[in-house]
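Okay, structure first, notes after.
What you see is a predicted model; the values in this text were computed from it and never measured. Whatever order the structure lists ligands and atoms in, that order sets their numbers, starting from 1. Nothing fancy with the numbering, it's 1 onward along the sequence.
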Amino acid sequence: MSVSDEMQETIKEMVDGQRGILAADESTGTITKRLNAVGVESTEENRRWYRSMLLHTPDVGRYICGVIFYEETLGQKDDNGKPLPQVAAEQGIVPGIKVDKGKDELPGGGGDMITFGLDGLAERLAGYKEQGARFAKWREVYPISDHNPTRLGLESNAEMLARYAKVCQSLGVVPIVEPETLIDGDHTMARAAEVDEQVWHEVFHALHKHGVVLEHMILKPSMVTPGKETGKASPEEVAEATLRILKRTVPAAVPSINFLSGGQTPEEATANLNALNQLKGNAPWQLSLSYGRALQEPAQHAWAGDNSQLDQAQQAFLERARLNSLAVQAKYSPSEESAA
Ligand code: 13P
């Protein structure tokens, strides 16, 4: 199969108008924070057990089409010695891999950030592909303030995303392009909308310059929301602003937009996604999810390090995945929450 056919096949499996992507690619530092928050020590064995438990959730492939692994997990096995990418694939879930190596301050960027990991990326990706990964993810992070992101930040981050995406596509791996504008701070919704428009415009300009095939990628943006110190906007307000800016900046050739949850609660993230799909009208892309926290928090609380709670943790995960699948189809109602 040509690399183009390979990517087309992956897109076909991952874009079906119903399912979302599980972001289980927290770096060791981030998963340690999440596990400690529910009283669990972050050992390699606990991380393996927990992520294996999620992937073994009966029927979860009805609601989840892809999983983003962290490098450590890609090489781990379940209790029966089956590699976790194979466990995912047998559930109908396409395995993927986070390939960036984290972020730091962008020198000269006035508080903007930049992500590392391009050196040796093609070699690493070829190895991940052998382990079963069919798509990849790279995240650039943009703080929002009166003067961030700067022009240098906008251009440098977009360039990184485009270079990463082009390397992925040369190997037949579908790139998830993730420009995350942070919810941290006291910015208004209008300021978030202004920044997201600049970010997405710059990202697609760079993707075009580098010859990235838009039909064979997935965009993973933040929703347009006010800063977390500013207060909340309603799902309808979030949906209206997000769709307005997406329509200005994202070409119709992109098959799917899978939002991150970025600090929204599980209920907010589901309600906002549902409103987006209710307001979507004839917008050309699938609007779905690639949530980390908003998909996993209920399962982490149900588990809390007690492996005898496996059924409860899997049920909590399955229910959150089901509600989000309803939101992809614009069929979710908050009254579904109490039915859980
Ligand atoms: P959250 O949904 O928790 O923001 O995680 C998604 C993700 O992959 C961030 O890179």
Side-chain angles (χ1 to χ4, degrees), residues 14 19-38 50-51 54 63-74 93-104 113-117 133 135-144 157 160-161 164-165 174-185 192 196 199 203 217-225 227-228 238 242 256-273 276 287-301 317 320-321 323-325 327-328:
M14 294 182 68
R19 297 184 296 163
I21 299 170
L22 167 64
D25 61 325
E26 301 88 353
S27 63
T28 304
T30 302
I31 193 70
T32 297
K33 267 193 261 166
R34 307 274 185 264
L35 295 185
N36 289 350
V38 293
Y50 166 70
R51 286 164 166 160
L54 292 180
Y63 311 122
I64 299 292
C65 62
V67 56
I68 315 173
F69 284 115
Y70 186 56
E71 190 177 33
E72 172 186 276
T73 325
L74 194 70
I93 298 173
V94 178
I97 175 77
K98 167 202 185 78
V99 297
D100 67 68
K101 293 197 157 192
K103 62 183 181 358
D104 207 340
M113 314 296 293
I114 196 78
T115 295
F116 298 96
F135 70 94
K137 183 196 103 169
W138 182 291
R139 170 175 176 251
E140 293 290 331
V141 177
Y142 304 76
I144 300 182
N157 282 278
M160 297 299 283
L161 285 167
Y164 139 80
V174 168
I176 293 187
V177 172
E178 180 180 7
E180 175 172 4
T181 47
L182 293 176
I183 202 171
D184 303 334
D196 282 321
V199 168
V203 166
M217 64 162 275
I218 290 172
L219 178 68
K220 175 166 174 169
S222 306
M223 295 177 194
V224 178
T225 68
K228 78 175 174 211
V238 171
T242 305
S256 186
I257 298 173
N258 290 57
F259 295 95
L260 58 95
S261 61
Q264 298 178 30
T265 66
E267 293 79 9
E268 282 164 10
T270 309
N272 287 340
L273 180 62
L276 274 156
L287 299 179
S288 181
L289 61 130
S290 173
Y291 295 160
R293 283 163 283 183
L295 263 178
Q296 296 184 56
E297 262 173 27
Q300 287 168 355
H301 280 102
F317 176 50
R320 211 62 243 161
L323 295 173
N324 280 299
S325 172
V328 176

Chi angles and distances behind the side chain to side chain contact (heavy atoms under 4.5 Å, CB included) call for Cys65, Ile21: CA-CA 6 Å; Cys65 62; Ile21 299 170; 3.9 Å; yes
Identify the closest protein heavy atom to atom 9 (C) of ligand 1: which residue and atom is it, and at what distance? Glu178 OE2, 3.2 Å
Give yes if a backbone or side-chain nitrogen or oxygen of Arg34 is under 3.5 Å from a nitrogen or oxygen of ligand 1, and no if not. no
At a 4.0 Å threshold, what atoms of ligand 1 neighbour a non-hydrogen atom of Arg293? 1 (P), 2 (O), 3 (O), 4 (O)
Could you check whether any heavy atom of Lys137 sits closer than 4.0 Å to an atom of ligand 1, since that is the contact criterion I want to use? yes
Which ligand 1 atoms are under 4.0 Å away from a heavy-atom of Lys220? 6 (C), 7 (C), 8 (O)
Distance filter under 4.0 Å to Ser290 heavy atoms, resulting ligand 1 atoms: 6 (C)
For Gly262, the ligand 1 atoms whose distance to one of its heavy atoms is below 4.0 Å: 1 (P), 2 (O), 4 (O)
Using distance alone, decide if ligand 1 has a nitrogen or oxygen within less than 3.5 Å of any nitrogen or oxygen in Gly292. yes
Should the heavy atoms of other residues, nucleotides or ligands under 6.0 Å from CD of Glu71 be counted, would the total exceed 12? no
The test is side chain to side chain contact (heavy atoms under 4.5 Å, CB included); show your working for Lys137 and Lys220 and say whether it passes. CA-CA 9 Å; Lys137 183 196 103 169; Lys220 175 166 174 169; 4.1 Å; yes
For residues Tyr291 and Gln264, is any side-chain donor paired with an opposing acceptor at under 3.5 Å? no
Go through it in stages, so that I can follow the logic: the residues are Arg51 and Glu72, the test is side chain to side chain contact (heavy atoms under 4.5 Å, CB included), and I'd like the CA-CA distance, side-chain angles, deciding distance and then a yes or no. CA-CA 11 Å; Arg51 286 164 166 160; Glu72 172 186 276; 4.3 Å; yes
Under 4.0 Å between a Lys/Arg side-chain N and an Asp/Glu carboxylate O for Glu178 and Lys98? no
With nothing but distance in play, are any N or O atoms of Tyr291 less than 3.5 Å from an N or O of ligand 1? no
dist Ser256:OG -> Leu289:CG (nearest 0.5 Å) comes out at 9.0 Å
Paired with Met223, the side-chain contact (heavy atoms from CB on, under 4.5 Å) test is passed by just one of Thr242, Asp196, Thr181, namely Thr242
Is Gln296 close enough to touch ligand 1? Criterion: a residue heavy atom under 4.0 Å from a ligand atom. no
Against heavy atoms of Ser261, which atoms of ligand 1 measure under 4.0 Å? 1 (P), 2 (O), 3 (O), 4 (O)
